[in-house]
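Reading through the structure tokens given below for one structure.
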Protein chains: 2
Amino acid sequence: MGTLTVGEVARESGVSGSAIRFYEREGLIAATRTSGNQRRFESDAACRVRVARVAQRIGLSVGEIRDLLAALPLEPDLADWQTLHDRLTAEAERRIAELHAALDDIRSGRRLCDL
Amino acid sequence: MGTLTVGEVARESGVSGSAIRFYEREGLIAATRTSGNQRRFESDAACRVRVARVAQRIGLSVGEIRDLLAALPLEPDLADWQTLHDRLTAEAERRIAELHAALDDIRSGRRLCDL
DNA sequence: CTAAAACTGAAACAATTGTTGAAGTCAAGC
DNA sequence: GCTTGACTTCAACAATTGTTTCAGTTTTAG
């Protein structure tokens, strides 16, 4: 009950088992191993995977998400969540700004060829 | 003088020769062939490649850009440019809206795990 | 005509984000 | 203790967007 298998994390987070293994390989989530070499995750794993999917919606790469989650302790306090929150927000706004810049260029009146 | 080689299109459009060949393979730009099988592009090719790069900034895939450029005749009139313009703009706005939706979710007050 | 520069296709490589399949191992219930 | 479902690793595959390298061909300038 204290720990979760790959399949349980997969179900709880709505991601496939192969993706869960991939995320563990990539360092997004940590696992211990049973004596028989099976992964066991702490109960926060599904939460972290969900955070990862939110970050993917924003457009972060797996490497960026790894770094993001690295700053999130096992039992995050409010400040930890706030930090994560702020980083995701900043990144989203940065990407929105990039798109706005592209839009401005498109609308600049110059021919598209000259951008 | 009426046609351009790969290298000339590359220089005029600021992308590499290998990318130019790739774009031709993928149908973004059209080429005729010399008797010696070398590509020759019409003078609009560099322009189309530039449009493609703008579209990439917006986030369109090569396939989407192919479709976009397919609607652009060899000598586009104002309406053709307007159509292209409108599609790019709409696509940019769509992606901006997606990011705003993600931002709204992040700011919804729910825990990130519950998104 | 010849030498150099640019071109050719084909294939391998690269990073990214996983999925699929095979063969074998572990864990849980009965 | 046996069966069954879930797990393991490893490798191959997939799509995307090109780059690199090879050996060979064409074009162009002189």
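We name chains A, B, ... by the order of the sequence lines, and we start the count at 1 in each one.
The nearest whole Å value for the distance from the CZ atom in A:Phe41 to the C1' atom in D:dA6 is 13 Å. Per the geometry, CD1 belonging to A:Ile20 stands 11 Å off P belonging to D:dC7, to the nearest Å. The interatomic distance linking B:Ile29 (CD1) with D:dT17 (C1') rounds to 14 Å, in whole Å. Separating the CZ atom of B:Arg25 from the C1' atom of D:dG18 is a distance of 9 Å, rounded to the nearest angstrom. Distance, B:Leu60 CG to D:dA15 P: 20 Å, rounded to whole Å. In this structure, CZ of A:Arg66 is placed 13 Å from C1' of C:dT17, rounded to the nearest angstrom. One atom, CG of B:Leu28, and another, P of D:dG18, lie 9 Å apart when rounded to the nearest Å. Distance CD (B:Glu26) to C1' (D:dG18): 10 Å, rounded to an integer number of Å.
Neither A:Leu88 nor B:Leu103 shares a network with the other; the hydrophobic side chains, linked directly or stepwise wherever heavy atoms of I, L, V, M, F, W or Y lie under 4.5 Å apart, form separate groups for each. Residue B:Val62 is grouped with residue A:Leu112 when hydrophobic side chains (ILVMFWY) are merged at heavy-atom distances under 4.5 angstrom, including chains of intermediate members.
B:Arg50 places no side-chain N or O within donor-acceptor distance of the main-chain N or O of B:Ala45, the cut-off being under 3.5 Å.
With respect to B:Asp104 and B:Arg107, no salt bridge is recorded, no charged nitrogen being found less than 4.0 Å from a carboxylate O.
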For this session: Quick one: do B:Arg33 and B:Arg40 satisfy side chain to side chain contact (heavy atoms under 4.5 Å, CB included)? Show the steps, please.
Result: CA-CA 6 Å; B:Arg33 298 295 179 125; B:Arg40 286 303 124 89; over 6 Å; no
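Here B:Arg39 lies in heavy-atom contact (under 4.0 Å) with sugar-phosphate atoms only. Heavy atoms of A:Arg33 sit under 4.0 angstrom from primed sugar atoms or phosphate atoms, though from no base atom.
Within the 4.0 Å cut-off from OP1 or OP2 of D:dG18, at least one side-chain nitrogen or oxygen of B:Tyr23 is found.
The minimum heavy-atom distance linking A:Ala71 with A:Arg87 is given by the pair CB-NH1, 3.7 Å. What you find for A:Leu4 and A:Ser43 is that their closest heavy atoms are CD1-CA, 3.9 Å. Annotation for B:Gly17 and B:Ala10: closest pair N-CB, 3.9 Å, computed over non-hydrogen atoms.
Applying side chain to side chain donor-acceptor pair (under 3.5 Å) to A:Arg95 and the options A:Glu91, A:Glu93, A:Glu98 leaves one that passes, A:Glu91.
When distances are taken from the side chain of A:Arg21 to each of D:dT9, C:dG18, D:dT17, the shortest belongs to D:dT9.
Residues B:Gln56 and B:Thr5 both approach DNA chain D. Their nearest nucleotides, taken by heavy-atom distance, put B:Gln56 toward the 5′ side.
Near DNA chain D, meaning a heavy atom under 4.0 Å from it, residues 7-18 of chain B has B:Ser16, B:Ser18 in order of number.
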Problem set entry | Under 4.0 Å protein heavy-atom contacts per nucleotide of nucleotides 22-30 of chain C, with B for base, S for backbone only and - for none | ----SS---
